[in-house]
Protein chains: 2
Amino acid sequence: MLSEQVYAHLRDAIMRGVYAPGDALKPQDIAKEQGVSLAVVREALVRVVGEGLADRLPNRGFAVPAFSDRRWQEIAEARRTIEPVVLRMSIERGDVDWEARVRAAHHRLARTPAFVREEGEHYSSAWSEAHRVFHRTLLEGCGNPVLLETFDRMWTASELARRWAAQRDPGRDAIGEHRRLEEAALARDADTAAQVLARHLTQTAAALTGDARQADEP
Amino acid sequence: MLSEQVYAHLRDAIMRGVYAPGDALKPQDIAKEQGVSLAVVREALVRVVGEGLADRLPNRGFAVPAFSDRRWQEIAEARRTIEPVVLRMSIERGDVDWEARVRAAHHRLARTPAFVREEGEHYSSAWSEAHRVFHRTLLEGCGNPVLLETFDRMWTASELARRWAAQRDPGRDAIGEHRRLEEAALARDADTAAQVLARHLTQTAAALTGDARQADEP
DNA sequence: ATTGGACAAATAATCGATTATTGGTGCTAT
DNA sequence: ATAGCACCAATAATCGATTATTTGTCCAAT
């Protein structure tokens, strides 16, 4: 199914910043460069819109959403509201296999260099992915796919925000917080873990808007 | 934009039960009965899939998802996990306009007959809509569109579940719980409201699966 | 100078037809 | 009888071309 590939390509391009917020996503151009027909591109674009990675303006095409600071704050707040409760559930329910995966995910995250000079000011995609997997794995103990889908949606939006907001080094504190998260989770200390995560996400919100100066990353 | 109309039609048809879980959604048939081209139907179907109201099986078309009891439980649990915390936030933040809307939504819900003989065993669509609006309005005080989008997604899934699960009368207790929810919200009693909502949703979960006998609806 | 309107280019939306894949049907060889 | 294969009808996926809409530009009238 061609639309699947085009979809993956578009998603990746938008997340990598090939298109900036506000940029038009022209079906014809994309069709030509991908060597597929319009219908295929259109199908892919509709999916992208469904995921919140593009806006559709009737009779005027598709575009990368130009989110406001307010919007970024809302996304961060939503994560801050939901993720800690899911983390609690995860810690209460996670089995030994989950523990092992948390350990592995943290280990991988800690060993992956976050910042790559060659790519300019951006995080390495390897770190980005390890970061996502770590946060997701923490929640996976909850055993509820619906809650994890919710996490996935919010993470995607959050990452797009990060891409266009303060592109800063993860900082030492973030690394420390990831470690504390892992420790609290494995110690089944739901209170501490939820609190650390909430703080972690509050700092994300700050980092993504105005006062990026003194904030951590998620 | 034709796909918008076809999308709305499909969404409505699936929710109304025109298609049963497992039924194939054949682009050709739909295109013919709607008098539009395949591309349009296809676009609409992709959106429907994105909303979780259909599955897509590569090279084998679209179909209404045949969710398992387990899946319904997961959806109910996700609501039970998320909605109470959002309700707390809503009660802490809602302004007087929100209060007025809560009152109006509850008033409308209370005055709408839930059960319509003419339509067989189903809830009236008017009650369904009033019910949705009441629950949504309760949360709208939170002022966060991202959280409300999350509610919308889960509500949709939940409604589809209700449609194919125990199709029972709302029962007197549900009506009472709605009233208690309104009262607690307007009294700014977040603890009570969150607790009542959690219980309300727990009973939903029970109603949607096996032990529907002694459960309420949401 | 500015407003308004006719044109034209770009691009969005739609269509009708073509190609590819699947799943069944029935024949044949063991 | 049945395993395997060739065929075929149904339908999914894709394409190339057509139609509709928007947007910019140029000119005329005030």
Side-chain angles (χ1 to χ4, degrees), chain A residues 1-68 160 164, chain B residues 1-68 160 164:
Chain A
M1 237 168 34
L2 290 180
S3 70
E4 180 65 29
Q5 300 167 232
V6 175
Y7 162 74
H9 165 77
L10 283 174
R11 192 190 146 85
D12 188 65
I14 292 169
M15 291 298 254
R16 280 182 184 285
V18 174
Y19 302 101
D23 280 4
L25 298 164
K26 302 184 184 177
Q28 288 195 343
D29 296 354
I30 298 165
K32 185 160 278 183
E33 78 186 31
Q34 295 294 311
V36 297
S37 73
L38 270 182
V40 171
V41 173
R42 212 147 240 288
E43 236 177 70
L45 280 167
V46 169
R47 280 185 65 183
V48 169
V49 169
E51 239 186 320
L53 289 176
D55 287 340
R56 182 170 194 178
L57 313 127
N59 282 323
R60 112 180 29 173
F62 303 84
V64 178
F67 288 155
S68 59
L160 187 57
W164 292 106
Chain B
M1 236 167 36
L2 291 180
S3 70
E4 180 65 29
Q5 300 167 232
V6 175
Y7 162 74
H9 166 78
L10 284 174
R11 191 189 147 83
D12 188 64
I14 293 169
M15 292 299 257
R16 280 183 185 284
V18 174
Y19 302 101
D23 279 4
L25 298 164
K26 302 183 183 177
Q28 287 194 343
D29 295 354
I30 297 165
K32 185 161 277 183
E33 77 186 32
Q34 296 293 310
V36 295
S37 73
L38 271 182
V40 170
V41 173
R42 211 147 242 290
E43 236 177 69
L45 280 168
V46 169
R47 281 186 65 183
V48 170
V49 169
E51 240 186 319
L53 289 176
D55 286 341
R56 183 171 194 177
L57 314 127
N59 281 322
R60 155 181 339 190
F62 303 84
V64 178
F67 288 154
S68 59
L160 187 57
W164 292 106

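Everything quoted here is computed from the prediction, not taken from an experiment. Quick note on labels: first sequence line is chain A, next is B, and so on, each numbered from 1.
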Notebook entry, point to check: Short question: side chain of A:Asp29, backbone of A:Lys26 - any donor-acceptor pair under 3.5 Å?
Noted result: no
Note to self: Closer than 3.5 angstrom, by distance alone: can the side chain of B:Asp12 be matched with the main-chain N or O of B:His9 as a donor-acceptor pair?
What the structure shows: no
Check: Atom CG of A:Leu25 to atom P of C:dT11: distance rounded to whole Å?
Finding: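 Answer to the nearest Å: 13 Å.
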Notebook entry, point to check: Could you give the CG-to-P distance, from A:Leu2 to C:dT21, as a whole number of Å?
Noted result: 10 Å
Next item on the list: Assess whether side chain to side chain contact (heavy atoms under 4.5 Å, CB included) is satisfied between A:Gln5 and A:Gln34, documenting all intermediate values.
Entry: CA-CA 9 Å; A:Gln5 300 167 232; A:Gln34 295 294 311; over 6 Å; no
Are the side chains of [X] and [Y] in touch, meaning some heavy atoms are under 4.5 Å apart?
| X | Y | value |
| --- | --- | --- |
| A:Arg47 | A:Glu4 | yes |
| A:Leu53 | A:Val64 | no |
| A:Tyr7 | A:Met1 | no |

Notebook entry, point to check: Considering heavy-atom distances to DNA chain D, does A:Arg60 or A:Val40 have its closest nucleotide positioned more toward the 5' end?
Noted result: A:Val40
Note to self: Heavy-atom nearest nucleotide on DNA chain D for A:Asn59 versus A:Val36: which residue maps closer to 5'?
What the structure shows: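 This one resolves to A:Val36.
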Next item on the list: For DNA chain D, note the earliest and the latest nucleotide, 5' to 3', having some atom under 4.0 Å of a heavy atom belonging to chain B.
Entry: D:dT11 to D:dT14
